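This structure is a prediction, so every number in the text was calculated from the model and none was measured.
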Amino acid sequence: MAKIGDKVIFTRQGYSIVGKVTIVKEESVIVYISNMDAKRLKIDTPVTVVAHKNYKVLS
């Protein structure tokens with residue numbers, strides 16, 4: 001499981017996205033992604049939720 005400050009990679013809408021964990025919840029993490037990735041995903045903010053089972057922590 002990721003910790004605050006870890007970089008994680010996940011796949012969404014066919015894109016591999018790298019983000020930084022800002023909050024850890026019981027079932028998921030809140031991840032800050034780049035503005036460019038947010039535009040690709042068509043979301044308004046560069047913050048998204050990723051379930052623990054859907055990401056890998058980068059070393």
Side-chain angles (χ1 to χ4, degrees):
M1 185 172 0
K3 299 182 290 278
I4 292 174
D6 284 348
K7 288 197 175 189
V8 295
I9 187 166
F10 61 97
T11 302
R12 175 107 21 109
Q13 297 177 11
Y15 297 107
S16 290
I17 308 288
V18 174
K20 184 175 181 180
V21 176
T22 57
I23 299 172
V24 178
K25 298 287 193 176
E26 190 174 317
E27 301 283 328
S28 60
V29 290
I30 311 295
V31 178
Y32 181 84
I33 60 175
S34 72
N35 287 323
M36 189 172 84
D37 286 335
K39 285 180 184 178
R40 276 191 210 149
L41 298 177
K42 297 181 174 102
I43 57 177
D44 294 332
T45 65
V47 178
T48 191
V49 178
V50 184
H52 291 304
K53 64 181 181 177
N54 292 333
Y55 66 79
K56 290 185 182 179
V57 177
L58 298 176
S59 53

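- Not counting sequence neighbours, the partners of Arg12 by the side-chain contact (heavy atoms from CB on, under 4.5 Å) test are Phe10, Leu41, Thr48, Val50.
- Within the structure, ring pair (Phe, Tyr, Trp, His ring centres under 6.0 Å) contacts touching residues 22-59 (residues at least two apart or in different chains) are His52-Tyr55.
- With Val29 as the fixed residue, the side-chain contact (heavy atoms from CB on, under 4.5 Å) test singles out one of Ile4, Asn54, Val21, Val57: Val21.
- Minimum interatomic distance between Pro46 and Ala38 (heavy atoms only, all atoms of both residues): CA-CB, 3.9 Å.
- Residues passing the side-chain contact (heavy atoms from CB on, under 4.5 Å) test with Ile30, sequence neighbours excluded: Thr22, Ile23, Val47, Val49.
- Scanning for side-chain contact (heavy atoms from CB on, under 4.5 Å) contacts around Ile9 gives Ser16, Val18, Lys56, Leu58, with sequence neighbours left out.
- Hydrophobic clustering keeps Met36 apart from Ile33 (ILVMFWY residues linked when any side-chain heavy atoms are closer than 4.5 Å, directly or through intermediates).
- Atom CD of Gln13 is surrounded by more than 12 heavy atoms from other residues, nucleotides or ligands within 6.0 Å.
- Two residues are said to be in side-chain contact when any heavy atoms from C-beta on lie closer than 4.5 Å; Met1 and Val24 meet this criterion.
- Judged as a salt bridge (Lys or Arg N to Asp or Glu O under 4.0 Å), and not counting sequence neighbours, Asp6 has no contacts.
- The list of side-chain hydrogen bond (donor to acceptor under 3.5 Å, both in side chains) pairs with a residue in residues 33-46, not counting sequence neighbours, reads Ser34-Asp37, Asp37-Arg40.
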